[in-house]
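Whatever order the structure lists them in is the order used to number ligands and atoms, beginning at 1. All residue numbers in this chain count up from 1 along the given sequence.
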Amino acid sequence: MTKTLNVAMIGGGFMGKAHAMAYAAMPMFFWPAPAIPIRKLLVDVNAEMAADGAKRYGFESSSADWKSAVTRDDIDIVDIVTPNDSHADIAIAALAAGKHVICEKPLARTGPEAKKMLDAAEKSGKIHMVAFNYRRTPAVALAKKYITEGRLGKILNFRGTYLQDWSADPDGPLSWRFQKSVAGSGAIGDIGTHVIDFARYLVGEIASVNAIVQNYVPTRPIQSDGLDKLGAADADSSAPRGEVDVDDEMITMVKFENGAVGTIEATRNAYGRNNFLTFEIHGTEGSILFNYERLDELQVMFANDPADARGFRTVYTGPAHPYGDALWPIPALGTGYGETKIIECHDFLSAIMSGEQPSPNFQDGYQVSVIADAIIESGKTERWVQIGK
Ligand code: SOE
């Protein structure tokens with residue numbers, strides 16, 4: 001009989017919705033499932049929100065107390081989908097209580113904070129994962145497959161961007177994402193870390209960075225009801241304003257340990273760009289280009305293509321590609337954000353059942369945080385910064 005694993009999810013916002021949906025749907029896609037996740041307990045900031053979230057997301061019970069939740073005997077997995085300032089406390093307590101932990105990105109606000117989480121994870125012997133879900137897009141996994149198989153030759157360069165526009169209006173509310181004490185950093189931690197994850201996954205370890213880091217909007221209207229709101233739809237220019245003490249924009253050059261070079265950009269102030277998460281990679285034998293706004297497509301060009309057919313072609317992901325067997329039966333039926341979370345859930349539960357750490361795990365989450373810190377330092381000093389480990 002397929003094993004069941006009981007999940008306590010801490011947080012019930014946008015990410016809670018995505019993770020709860022994945023727990024429900026994963027066995028529908030991946031069958032036989034590695035294990036069946038049971039939505040046991042949902043924790044939120046107060047009893048009313050927790051009860052409401054449990055009903056909405058199909059959890060058996062609810063609580064407003066994460067500390068007792070993570071030590072409960074009947075919980076196998078703790079899933080952290082809270083703002084960044086609580087990741088470390090919850091993860092360290094859950095790991096000490098012998099739970100497997102999946103944590104939303106960025107793993108922590110800073111490298112040193114992420115290191116404490118990594119140490120706790122290694123000491124626990126439990127399975128840990130950081131939710132850089134975009135790696136689980138089939139077209140991104142296909143890019144990885146081409147690179148691993150050597151079909152692009154030696155990788156020369158990586159150009160990655162994550163551009164959004166939900167914070168372009170200066171009257172958009174002061175979400176926790178604009179507060180250093182909660183978020184750690186701005187566009188760098190929130191979305192730049194996804195690109196850093198791509199760069200490490202697809203090309204290799206980053207050796208040094210040289211960055212521009214800037215803020216455009218120094219204050220924003222304070223949110224009246226304490227809930228997290230993203231963007232201009234909730235703009236209230238008459239509300240009292242609070243300080244934004246994080247970056248709005250980051251552009252960095254990167255050097256990889258293997259000799260490749262590249263650039264990474266992140267901003268949430270790019271009008272017209274919604275979820276413009278892209279990479280273009282050139283190798284000695286070919287090139288690939290990905291844009292999440294067209295996530296079922298990988299643009300591909302091989303150097304040995306016939307001279308009269310040279311240029312990028314569109315590969316629509318489907319059954320022939322990574323995760324294809326579990327998804328939809330013909331290419332281009334369309335996958336979305338939900339599928340990336342379903343695949344992530346599958347890979348996490350597979351890791352628990354096999355006992356082998358998944359990727360990206362807390363070691364990756366830590367290294368990404370170290371790189372984010374180096375980018376911030378480089379932005380201040382206007383110099384190349386070497387990445388520590
Ligand atoms: C806001 O920028 C956000 O929700 C990020 O926090 C997520 O990581 C990204 O996947 C979508 O945009």
Checklist entry - Y134 and Y337: side-chain donor and acceptor closer than 3.5 Å? => result no

Item to check | Counterpart residues, side chain to side chain donor-acceptor pair (under 3.5 Å), relative to T71 (two or more places apart) | outcome: none

Checklist entry - Are the aromatic rings of F178 and W166 close, with centres under 6.0 Å apart? => result yes

Checklist entry - With sequence neighbours excluded, what pairs up with F302 under the ring-ring contact (aromatic ring centres under 6.0 Å, His included) test? => result Y146

Checklist outcome for this item: Taken in chain and number order and not counting sequence neighbours, the residues that satisfy side chain to side chain donor-acceptor pair (under 3.5 Å) with K40 are E60

Next on the checklist: With a 6.0 Å cut-off (strictly less than), is the heavy-atom count around NZ of K144, excluding the residue itself, greater than 12?
Outcome noted: yes

Pick out the protein N or O atoms lying less than 3.5 Å from any N or O of ligand 1, and list each pair with its distance.
residue  : atom   : partner : partner atom : Å
ligand 1 : 2 (O)  : Q164    : OE1          : 2.7
ligand 1 : 2 (O)  : W166    : NE1          : 3.0
ligand 1 : 2 (O)  : D190    : OD2          : 2.7
ligand 1 : 6 (O)  : K105    : NZ           : 3.2
ligand 1 : 6 (O)  : R177    : NH1          : 2.8
ligand 1 : 6 (O)  : D190    : OD1          : 2.4
ligand 1 : 8 (O)  : K105    : NZ           : 2.7
ligand 1 : 8 (O)  : H194    : NE2          : 2.8
ligand 1 : 10 (O) : Y134    : OH           : 2.5
ligand 1 : 12 (O) : Q164    : NE2          : 3.0

